[in-house]
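First the structure, in the form of structure tokens, and then the observations on it.
We're numbering straight along the sequence, starting at 1.
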Amino acid sequence: MRIFFLIFLLAYVGGNVYIFIRTLQMLSGFSLAMKILLSVIYWLVAFSLVIAMLTRHIDMPVILSKSMFHIGSVWLVFTLYMIFALLIADVTKIFVPSLNHGFYYALGATCCLLLYGYYNYRHPQVNKIDVSLDKPIEGNGINIVAVSDVHLGYGTGKAMLKEYVDMINAQHPDLILIGGDLIDNSLTPLYKENMAEELAQLKAPLGIYMVPGNHEYISGIDESVRFLKDTPIQLLRDSVVTLPNGVQIIGRDDRSNRSRHSLPTLLKQADRSKPIILLDHQPYNLAKTDSLGIDLQFSGHTHHGQIWPISWVTDRIYEQSHGYRKWSQSHIYVSSGLSLWGPPFRIGTNSDMAVFHLNQMAK
């Protein structure tokens, strides 16, 4: 992980040096004092996300913390696509010497792409899936809304949380499942904006159940547990609950806990003749899930890479990097995330919410 972070940091700095040099070329007519001022601003913006992360537990004005986080996360994606656009413009210039103003073409194309990505992010998909099981379910089945990776914090604040709560409640769920990473990097903004008040508006007669994600551990798992106790959300950590209609929910602790229970161990607490839903934040070992006869697994974590071309990477890392798939026995859904971490863009991916209708197969 440290090697990956070092490579990423070097690539990020190198990319910003490239953009910075090309920007200075466009400022050739400016005074030295103006160039120095703009250079300082440029590098403060480039490293504002790093500063925001390093100071995330420090008590400072919310507007300052939010501004650093938003500016820095936007710049992260701007850097990626601006490098692509500049490289295309510079290579094109070699073959078409008459092409002028390549920098401005690249800048315009990048800004248009980011505007599209922001619009796409703010309009999550609602994916409805019928799951029929050869197991008894009382009544006409149950409607389940499942979400993951909301990342409440400086990126996803209380106003956006209200939109998500309304979106979830509009589906009139019997049961709400949260697949981890409800919290982002720190509890500080959740307390400052009193987000527990908004979470209290979630409505589901069969309950609201959640498992931890890696970000609950990044934020501090003990502090995350304390925060959730002030909400209607029941946190499952290597535990099993049985609903009044006989449906069982197995909630696994996140892989961040290296001593978490194995799935076979947890299954010993369940009745395999009745429906079993597994919540596990990180979608690893899905073939094993299938071999053990889990009826429905819901996971998140991958974000489907969030932006292209990182989506190619997640497609190769995970057996199933996003969406719904019926395996030989198990129905498995990997959410790309209702919200996201950091940069507020979805390019080549979609935010999503799953709505399952769980019912008994007709005989």
Side-chain angles (χ1 to χ4, degrees), residues 121-133 135-152 156-183 194-211 213 228 230-236 240-251 274-281 294-300 322-324 326 331-340 350-362:
Y121 151 59
R122 291 303 307 271
H123 293 80
Q125 292 183 341
V126 178
N127 297 323
K128 297 187 177 183
I129 303 111
D130 286 322
V131 178
S132 296
L133 304 178
K135 293 182 179 181
I137 302 176
E138 294 180 12
N140 297 318
I142 58 174
N143 289 316
I144 305 169
V145 170
V147 299
S148 185
D149 298 274
V150 183
H151 288 276
L152 296 177
T156 303
K158 189 175 183 179
M160 195 174 297
L161 173 59
K162 183 181 187 308
E163 293 181 20
Y164 292 148
V165 169
D166 291 343
M167 183 179 173
I168 292 169
N169 287 339
Q171 298 297 324
H172 305 291
D174 300 308
L175 173 68
I176 296 173
L177 302 177
I178 302 173
D181 281 5
L182 176 67
I183 302 164
N194 192 16
M195 294 193 202
E197 179 182 53
E198 202 59 53
L199 290 170
Q201 301 306 309
L202 288 169
K203 306 298 181 186
L206 291 178
I208 306 165
Y209 295 93
M210 170 184 163
V211 290
L228 290 169
D230 293 328
T231 75
I233 299 169
Q234 183 173 336
L235 185 66
L236 303 180
V240 181
V241 295
T242 302
L243 304 180
N245 61 3
V247 174
Q248 302 158 101
I249 303 172
I250 298 177
K274 297 179 180 180
I276 299 174
I277 300 173
L278 171 64
L279 290 181
D280 192 355
H281 178 63
I294 296 296
D295 296 302
L296 172 63
Q297 174 171 336
F298 180 75
S299 298
H322 72 106
Y324 168 78
K326 172 63 168 67
H331 299 262
I332 298 180
Y333 190 100
V334 179
S335 174
S336 296
L338 182 57
S339 188
L340 37 70
N350 296 291
S351 299
D352 68 20
M353 177 176 79
V355 181
F356 301 105
H357 180 64
L358 193 67
N359 57 79
Q360 185 173 358
M361 189 180 299

For [X] and [Y], indicate whether the former's side chain and the latter's backbone hold a donor-acceptor pair under 3.5 Å.
{"X": "Asn127", "Y": "Gln125", "answer": "no"}
{"X": "Ser299", "Y": "Asp280", "answer": "yes"}
{"X": "Asp295", "Y": "Ile276", "answer": "yes"}
{"X": "Thr156", "Y": "Val150", "answer": "yes"}

Minimum heavy-atom separation for [X] and [Y], please, with both atom names.
{"X": "Asp149", "Y": "His281", "value": "OD1-CE1, 3.5 Å"}
{"X": "Asp230", "Y": "Ala196", "value": "O-CB, 4.1 Å"}
{"X": "Pro205", "Y": "Pro173", "value": "CD-O, 3.4 Å"}
{"X": "Leu161", "Y": "Met195", "value": "CD2-O, 3.8 Å"}
{"X": "Gly300", "Y": "Ser148", "value": "CA-OG, 3.5 Å"}

Answer whether the closest heavy-atom distance between the side chains of [X] and [Y] falls below 4.5 Å.
{"X": "Ile277", "Y": "Tyr209", "value": "no"}
{"X": "Met167", "Y": "Val126", "value": "yes"}
{"X": "Leu358", "Y": "Leu175", "value": "no"}
{"X": "Lys162", "Y": "Gln201", "value": "no"}
{"X": "Ser336", "Y": "His322", "value": "yes"}

About how many Å separate [atom2] of [Y] and [atom1] of [X], when rounded to the nearest 0.5 Å?
{"X": "Ile208", "Y": "Leu202", "atom1": "CD1", "atom2": "CG", "result": "4.5 Å"}
{"X": "Glu163", "Y": "Leu338", "atom1": "CD", "atom2": "CG", "result": "10.5 Å"}
{"X": "Lys326", "Y": "Leu296", "atom1": "NZ", "atom2": "CG", "result": "11.0 Å"}
{"X": "Leu177", "Y": "Ile233", "atom1": "CG", "atom2": "CD1", "result": "11.5 Å"}
{"X": "Leu152", "Y": "Met160", "atom1": "CG", "atom2": "CE", "result": "10.5 Å"}
{"X": "Ser339", "Y": "Met353", "atom1": "OG", "atom2": "CE", "result": "13.5 Å"}

Intermediate values then yes/no, side chain to side chain contact (heavy atoms under 4.5 Å, CB included), Leu182 and Leu228: CA-CA 10 Å; Leu182 176 67; Leu228 290 169; 3.9 Å; yes
Residue pair Asp174, Asn245: steps toward the side chain to side chain contact (heavy atoms under 4.5 Å, CB included) verdict: CA-CA 11 Å; Asp174 300 308; Asn245 61 3; over 6 Å; no
Within 6.0 Å of NZ in Lys274, more than 12 heavy atoms from elsewhere: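 12 or below, so no.
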Distance-only donor-acceptor check, side chains His172 and Asn143, under 3.5 Å: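 No donor-acceptor contact under 3.5 Å links the two side chains.
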Distance-only side-chain donor-acceptor flag, Asp352 / Ser335, under 3.5 Å: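 The answer is yes; a qualifying pair exists.
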CA sep, side-chain torsions, deciding dist, call: Val241, Gln234, side chain to side chain contact (heavy atoms under 4.5 Å, CB included): CA-CA 10 Å; Val241 295; Gln234 183 173 336; 3.8 Å; yes
Verdict with reasoning, Leu133 to His331, per side chain to side chain contact (heavy atoms under 4.5 Å, CB included): CA-CA 10 Å; Leu133 304 178; His331 299 262; 4.0 Å; yes
Geometric class of the Phe356/Tyr333 ring pair [parallel <30°, tilted 30-60°, perpendicular >60°]: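 Tyr333 and Phe356: perpendicular rings.
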